[in-house]
Protein chains: 2
Amino acid sequence: MEQAHLTAVLGFPLFAALSDEARGRLQAEGFVQSQPVDAILFEQGQGAQFLHVILSGSVALVGSAAATEASVDVPADAQSRVVVDREAIIEIFGAGDVVTIAAVLLNLPYMMSARTIAPSRIAYLPAPLIRSFLDNEASFAKAVAMKLAKHWRLLSRQLKDQKLRSGTQRLGGYLLSLSDGRMNGAATIDLPVDRRTLASWLGMSAENLSRSLAQLKSIGVHVSGRHTQIDDIARVRSFCLEDDLR
Amino acid sequence: MEQAHLTAVLGFPLFAALSDEARGRLQAEGFVQSQPVDAILFEQGQGAQFLHVILSGSVALVGSAAATEASVDVPADAQSRVVVDREAIIEIFGAGDVVTIAAVLLNLPYMMSARTIAPSRIAYLPAPLIRSFLDNEASFAKAVAMKLAKHWRLLSRQLKDQKLRSGTQRLGGYLLSLSDGRMNGAATIDLPVDRRTLASWLGMSAENLSRSLAQLKSIGVHVSGRHTQIDDIARVRSFCLEDDLR
DNA sequence: CGGCTTATTGACATACGTCAACTATTGTGG
DNA sequence: CCACAATAGTTGACGTATGTCAATAAGCCG
């Protein structure tokens with residue numbers, strides 16, 4: 001059964017052009033696990049042992065930082081500080097994605113933790129194996145570079161949004177990204193994640209997400225539960241100052 | 001003279017292991033330009049024509065978005081809107097770096113503009129050439145993957161900071177990153193960029209950067225002009241809740 | 001139906017952006 | 001080398017966006 005799942009991995013573009021020998025090693029050394037929601041795949045700070053490939057489900061990359069009052073008045077007296085862990089979702093990956101290939105390639109500790117946000121089937125491929133593919137499998141290095149290039153663009157778009165746009169605009173942009181690229185007319189969408197997760201991903205509080213949703217009502221965006229209706233995509237686009245760069 | 005500069009390109013890790021034929025093509029098809037400060041290498045939205053390699057100097061990747069009142073009350077009446085271009089620095093690259101390799105690989109329009117923030121010598125390598133290297137030069141694809149992996153980590157760190165930490169904390173973290181990795185003791189730093197640029201990069205207004213610098217004074221960070229003195233690195237680290245993940 | 005979680009709303013505090021005035025620094029021509 | 005202008009940086013006052021806490025409402029599931 002595991003073998004069957006690993007065969008699925010071989011079907012992904014990233015692994016499609018591996019040599020027979022490499023395919024064999026992958027099937028021999030990799031394994032598949034089914035994870036419930038909220039399973040931790042790895043934690044921030046630990047060494048990159050595996051490349052995680054999502055066969056089905058959905059995984060959030062979450063960054064955490066000890067949060068304190070961070071007030072200047074309170075001196076560097078660790079004891080007296082109120083330290084609460086704060087976290088933010090940096091990226092959400094779905095089927096066919098690879099969770100953090102950068103740490104694996106560079107053989108460095110993960111900068112973030114990964115947690116399933118839906119029941120998921122995950123393939124675990126040993127990091128040294130992946131690194132050896134990079135040296136020995138010509139097509140693999142190229143596929144990895146392409147994958148990383150796409151991921152880089154996703155992140156830089158997010159960073160741009162974070163630095164230049166309001167929470168409400170980011171929300172609008174997110175909704176547009178779910179309405180599969182149409183430029184105008186109406187759209188009906190189902191939100192794939194719960195509010196808390198979405199808020200964390202968009203970089204705002206859940207409370208503000210609610211308020212932002214309420215605000216969007218006035219430009220023809222109606223949300224109830226996970227069901228969403230956009231009356232006029234163009235109107236939302238203009239509100240969000242969305243460019244077409246993907 | 002150009003050839004001499006292009007030879008420098010060949011010395012960078014990214015191009016170090018190219019075949020002789022590839023080196024020849026690179027020297028034949030690439031060229032070098034010296035740019036003053038504030039030169040635009042390319043603009044957001046245009047197709048990726050070249051891979052830009054920084055031989056010396058410094059280049060900012062800057063994202064821009066039309067900014068408006070973005071008020072819900074004002075309807076989608078483009079005429080009545082006050083549209084001002086807002087921009088933010090997404091990343092700063094220095095000698096040895098490659099500016100936006102992602103767009104070149106994917107053959108997509110740039111998502112951001114690039115502007116020199118210091119006089120710079122830039123090598124222009126035609127995008128199709130780079131893409132052909134990816135297919136035909138085994139070592140190049142790997143080098144590109146490694147480079148992209150590093151860039152991905154830089155971006156994700158920034159995104160994490162943006163979502164989890166205050167402006168002052170980001171500033172502190174930046175100063176620490178300039179004090180070449182020491183964990184404690186004092187440090188003396190020279191800021192490599194002006195305040196406006198730094199503020200934009202850290203995702204805050206220049207005014208707030210000033211105030212943040214003032215705040216840091218109370219934890220032993222003294223800045224005058226571009227010269228910076230940190231009394232106790234550990235103190236700053238604890239204030240900024242800096243983790244050690246790079 | 002009742003108890004649980006999840007989402008919304010309101011009141012309030014805080015961080016941050018903006019505008020304007022002021023000061024410091026840099027550069028330039030006499 | 002000084003005087004002056006131009007640019008860059010700082011400071012204060014103020015408004016807005018967003019986070020936080022608490023209370024309420026709405027879904028969800030046994």
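Protein chains get the first letters and strands the later ones, always in sequence-line order, with residue 1 at the start of each. Please read these numbers as outputs of a predicted model, since none were measured by experiment.
L209(B) has its CG atom 11 Å from the P atom of dG17(C), to the nearest Å. Put simply, CD on Q215(A) is 14 Å from C1' on dT9(C), counting in whole angstrom units. The interatomic distance linking L202(A) (CG) with dT18(D) (C1') rounds to 14 Å, in whole Å. Taking atom CD on Q162(A) and atom C1' on dA17(D), their separation rounds to 13 Å, with Å as the unit. Rounded to an integer number of Å, the gap from L213(B) CG to dA8(D) C1' is 14 Å. As a whole-Å value, the separation of R226(B) CZ from dT10(D) P is 12 Å. In this structure, the NZ atom of K163(B) is 21 Å from the P atom of dA15(C), given to the nearest Å. In this entry the distance linking NE2 of H227(B) with C1' of dT25(C) reads 17 Å, nearest Å.
By the side-chain hydrogen bond (donor to acceptor under 3.5 Å, both in side chains) test, S200(A) is found to be paired with no residue, residues two or more places apart in sequence or in another chain being considered.
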Verify side-chain contact (heavy atoms from CB on, under 4.5 Å) between I230(A) and R182(A), making sure each step is shown before the conclusion.
CA-CA 12 Å; I230(A) 299 181; R182(A) 262 170 301 154; over 6 Å; no
Can you list the steps and then say if V104(B) with L125(B) is a side-chain contact (heavy atoms from CB on, under 4.5 Å)?
CA-CA 10 Å; V104(B) 172; L125(B) 311 180; over 6 Å; no
Run the side-chain contact (heavy atoms from CB on, under 4.5 Å) test on K147(A) and I101(A) for me, step by step, so that the C-alpha distance in whole Å, both residues' side-chain angles and the decisive distance to 0.1 Å come before the verdict.
CA-CA 9 Å; K147(A) 193 77 172 170; I101(A) 195 159; 5.7 Å; no
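The aromatic rings of H52(A) and F42(A) sit tilted, their planes meeting at an angle between 30° and 60°.
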What string of B, S and - do you get for nucleotides 19-30 of chain D, 5' to 3', when a contact is any protein heavy atom under 4.0 Å?
BBB---------
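Contacts with DNA chain C (heavy atom under 4.0 Å) in residues 190-198 of chain A: D194(A), R195(A), R196(A), listed by number.
For R196(B), the CZ atom sits in a loose shell: 12 or fewer heavy atoms of surrounding residues, nucleotides or ligands are nearer than 6.0 Å.
Taking CD from Q35(A) and OG from S56(A), the interatomic distance works out to 11.0 Å, rounded to the nearest 0.5 Å. To the nearest 0.5 angstrom, W201(B) atom CH2 is 5.5 Å from Q158(B) atom CD.
Counting heavy atoms from C-beta on, the side chains of L175(B) and L216(B) come closer than 4.5 Å.
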